[in-house]
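Contents: one structure, followed by commentary.
None of these values were measured; they are calculated from a predicted model.
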Amino acid sequence: MKKVLGLSFGRKMSNTEVMVKQALTVCKEAGHEVRFIRVNDLDIKDCTGCIACVLGMIRGGKGNCVLKDEFHILDDAIMECDALIFGCPTFEMTPTGTFKTVCDRIGPSHDLSFRKEAIKEGLSAGKDPATLPDRRCLKPRVGAFFSVGGAMTKNWLAFMLPTMYALPMSMGIDIVDTYEYHGAMAHFHVVGNRPVMDRMTEMGKHIVEALACEDEAERRRWRGDHEGVCPVCHCDMLTVSDDRKSIECPVCGTYGTFTVEEDGKLTAHFTEEQQARSRLFYAGKLEHSTEIKTCAAGPDQLPNVKELLAPYHWE
């Protein structure tokens with residue numbers, strides 16, 4: 001039996017919550033322990049960008065957040081779970097403010113590369129494991145998520161799925177399925193929209209399948225019904241270089257090229273090497289954390305900073 005956590009960033013008993021619970025029900029019927037959290041009910045403060053979490057880990061400590069609120073409830077639930085299912089409504093083409101706040105709090109403090117290196121270095125130095133980052137972060141976990149938008153036109157949800165990757169990304173949770181529900185305004189409630197509810201049943205089944213796998217490659221295998229243009233995150237969003245000769249996946253941070261076929265179809269090409277350095281994988285996270293550790297400037301670089309800032313001390 002595994003532990004499956006469901007998170008809803010929507011209103012009580014509205015579309016998002018019911019969809020999360022439908023997927024959780026499948027997991028429960030398969031014999032897994034499930035837990036549901038309505039994130040909007042928690043008191044979670046905005047990240048202040050103090051970077052105490054990152055500095056704490058670099059210096060060999062836990063890297064705990066200095067803010068005192070109910071974030072610890074969400075934190076413990078995520079660390080305890082073996083699988084994560086979450087959904088979020090669309091506000092102005094993007095996820096809700098609460099969702100973004102949670103991502104900001106999780107991003108640096110839960111970065112797998114920072115935590116893993118801090119644990120490894122701490123244990124090598126003979127430190128008490130209790131003084132190091134939560135070791136539950138090291139266990140493999142799978143996840144799935146979906147967006148909900150009322151608009152009948154799909155492009156009004158354009159930034160949803162790419163942005164929602166920010167929640168599982170730093171923690172290294174392997175996403176095996178995503179789904180985009182648009183046109184919700186045409187239905188009084190999703191509970192009466194059988195195809196969408198059936199799709200949530202499928203999402204639950206995909207999590208159950210992944211949890212049953214002992215082979216890592218099979219466990220993390222993509223099970224979604226949309227392949228997308230990126231072979232790693234399966235999203236369709238791309239950015240184009242200034243010279244218009246290359247492309248980048250904004251979710252993975254990987255570079256590629258494209259060709260236009262005879263039928264006018266645009267095909268994206270990402271090498272195996274680039275795919276391997278996706279920030280969804282540990283190699284990509286380690287690349288970023290190493291960049292921060294080696295390139296971040298200290299206060300000694302600008303010894304007269306107080307003098308330079310003096311003219312700006314006004315409201």
> Does Thr90 reach the main-chain N or O of Val148 with its side chain, forming a donor-acceptor pair under 3.5 Å?
Replying inline: yes
>> Is there a side-chain contact between Arg141 and Cys81 in this structure, where contact means two heavy atoms from C-beta onward sitting under 4.5 Å apart?
In response: yes
> Taking a hydrophobic cluster as the set of Ile, Leu, Val, Met, Phe, Trp and Tyr residues connected by side-chain heavy atoms closer than 4.5 Å, whether directly or through intermediates, do Val208 and Leu84 fall within one such cluster?
Replying inline: no
> Given side chains that start at C-beta, do those of Met237 and Phe159 come closer than 4.5 Å, heavy atoms only?
Replying inline: yes
> Would the number of heavy atoms belonging to other residues, nucleotides or ligands and lying under 6.0 Å from NE2 of His288 be above 12?
Replying inline: no
> Is it true that the side chains of Asp111 and Ser170 contain a donor and an acceptor less than 3.5 Å apart?
Replying inline: no
>> Side chains of Cys233 and Cys249, heavy atoms from C-beta outward: is any pair under 4.5 Å?
In response: yes
> Does the side chain of Ile44 come within less than 4.5 Å of Thr98's, by heavy atoms?
Replying inline: no
> Does a side chain donor of either Tyr181 or Asn15 reach within less than 3.5 Å of an acceptor in the other side chain?
Replying inline: no
> Quick one: do Glu218 and Arg223 make a salt bridge, cutoff under 4.0 Å?
Replying inline: yes
>> Any side-chain to backbone donor/acceptor pair from Arg38 onto Met13? Under 3.5 Å, distance only.
In response: no
> If you look at every heavy atom in Ile119 and Pro133, which pair is closest and at what distance?
Replying inline: CD1-O, 3.7 Å
>> What verdict does the side-chain contact (heavy atoms from CB on, under 4.5 Å) test give for Arg105 and Asp69, after you've listed the backbone C-alpha separation in whole Å, the side-chain angles of each residue and the deciding distance to 0.1 Å?
In response: CA-CA 12 Å; Arg105 292 287 294 276; Asp69 55 13; 2.8 Å; yes
> Checking side-chain contact (heavy atoms from CB on, under 4.5 Å) for the pair Leu138/Lys116: CA distance, chi angles, key distance, verdict?
Replying inline: CA-CA 7 Å; Leu138 301 178; Lys116 187 174 182 178; 3.9 Å; yes
> Should Thr257 and Lys245 be marked as a side-chain contact (heavy atoms from CB on, under 4.5 Å) after you check the CA-CA gap, both sets of side-chain angles, and the distance that decides it?
Replying inline: CA-CA 7 Å; Thr257 58; Lys245 294 181 179 180; over 6 Å; no
>> Applying a strict under-4.5 Å side-chain criterion to I, L, V, M, F, W and Y, I'd like to know whether Met171 and Val232 cluster together.
In response: yes
> Are Asp236 and His226 linked by a side-chain donor-acceptor pair shorter than 3.5 Å?
Replying inline: yes
>> Test salt bridge (Lys or Arg N to Asp or Glu O under 4.0 Å) on Asp134 and Arg115; report intermediate values, then the result.
In response: CA-CA 8 Å; Asp134 192 333; Arg115 286 193 166 195; 5.5 Å; no
> Side chains of Asn155 and Thr153: is there a donor and an acceptor less than 3.5 Å apart?
Replying inline: no
>> Testing the basics here: between Ser8 and Thr16, what is the closest heavy-atom pair and its distance to 0.1 Å?
In response: OG-CG2, 3.5 Å
> Measuring from Phe281:CZ to Arg220:CZ, what's the distance to the nearest 0.5 Å?
Replying inline: 5.0 Å
> Taking C-beta and beyond as the side chain, do Val176 and Arg221 meet within less than 4.5 Å on heavy atoms?
Replying inline: no
> Is a donor on one side and an acceptor on the other found under 3.5 Å between the side chain of Gln274 and the backbone of Tyr255?
Replying inline: yes
> Are more than 12 heavy atoms from other residues, nucleotides or ligands located less than 6.0 Å from atom CZ of Arg11?
Replying inline: no
>> Checking Met169 now: which residues fulfil side-chain contact (heavy atoms from CB on, under 4.5 Å) with it, not counting sequence neighbours?
In response: Arg279, Leu280, Lys285
>> Is it the case that over 12 heavy atoms from other parts of the model lie below 6.0 angstrom from the CZ atom of Arg194?
In response: yes
> Are Gln275 and Thr254 close enough, and set up right, to give a side-chain contact (heavy atoms from CB on, under 4.5 Å), and what steps lead you there?
Replying inline: CA-CA 7 Å; Gln275 291 182 49; Thr254 52; 5.7 Å; no
>> Just verifying a value: how many Å separate Asn193 CG and Met200 CE, rounded to the nearest 0.5 Å?
In response: 10.5 Å
> So which heavy atom on Gly31 is nearest to which on Met1, and how close?
Replying inline: O-CG, 3.0 Å
> Which of these, His206, Glu202, Arg199, sits in a side-chain contact (heavy atoms from CB on, under 4.5 Å) with Asp225?
Replying inline: Arg199
> Honestly curious: do Ile173 and Trp222 fall in one hydrophobic cluster under the side-chain, below-4.5 Å linking rule?
Replying inline: yes
> What orientation do Phe145 and Phe86 show, parallel under 30°, tilted 30 to 60°, or perpendicular over 60°?
Replying inline: parallel
>> For a salt bridge (Lys or Arg N to Asp or Glu O under 4.0 Å) check, start with the C-alpha distance between Lys265 and Asp263, then their side-chain angles and the critical distance, and finish with the verdict.
In response: CA-CA 6 Å; Lys265 179 181 178 181; Asp263 60 0; over 6 Å; no
> Does some side-chain heavy atom of Tyr165 sit less than 4.5 Å from a side-chain heavy atom of Thr178?
Replying inline: yes
> With the 4.5 Å side-chain cut-off for hydrophobic clustering, are Met79 and Ile73 part of the same group?
Replying inline: yes
> How many angstroms lie between atom CZ of Phe146 and atom CD of Glu180, to the nearest 0.5 angstrom?
Replying inline: 12.5 Å
>> Less than 4.5 Å apart, side chain to side chain, heavy atoms only: is that true for Leu286 and Glu117?
In response: yes
> How far apart are the closest heavy atoms of Ala268 and Leu238, and which atoms are they?
Replying inline: CB-CD1, 4.4 Å
> Can you tell me how far CE of Met197 sits from OG1 of Thr201, rounded to the nearest 0.5 angstrom?
Replying inline: 7.0 Å
> If you round to the nearest 0.5 Å, how far is CG of Leu5 from CD of Glu80?
Replying inline: 10.5 Å
>> Other residues, nucleotides and ligands only: do more than 12 of their heavy atoms fall within 6.0 Å of NZ on Lys2?
In response: no
>> Please identify which of these residues, Val39, Asp75, Leu42, meets the side-chain contact (heavy atoms from CB on, under 4.5 Å) condition with Glu70.
In response: Leu42
> How about Glu261 and Thr259: does a side-chain donor come under 3.5 Å of a side-chain acceptor?
Replying inline: yes
> Are the charged groups of Lys12 and Glu17 less than 4.0 angstrom apart, N to O?
Replying inline: no
>> Can you list everything that forms a side-chain contact (heavy atoms from CB on, under 4.5 Å) with Ala166? Sequence neighbours excluded, please.
In response: Cys103
> Which pair of heavy atoms, one from Leu7 and one from Ile78, lies closest together, and at what distance?
Replying inline: CD1-CD1, 4.5 Å
> Counting N and O atoms only, with roles assigned by atom type, does the side chain of Ser109 sit under 3.5 Å from a partner on the main chain of Cys53, one being a donor and the other an acceptor?
Replying inline: no
> So, for Pro95 and Met160, which heavy atoms are closest and what is the spacing to 0.1 Å?
Replying inline: N-SD, 3.2 Å
> Counting only heavy atoms not in Lys62, do more than 12 fall under 6.0 Å of its NZ?
Replying inline: yes
> Does any non-hydrogen side-chain atom of Cys252 lie less than 4.5 Å from one of Phe270?
Replying inline: no
> Are Val102 and Ile51 in one and the same hydrophobic cluster, where Ile, Leu, Val, Met, Phe, Trp and Tyr link if side-chain heavy atoms are under 4.5 Å apart?
Replying inline: no
> Atom CD in Gln22, atom SG in Cys27: separation rounded to 0.5 Å?
Replying inline: 10.5 Å
> How about Lys45: does its NZ atom have over 12 heavy atoms from other parts shown lying under 6.0 Å from it?
Replying inline: yes
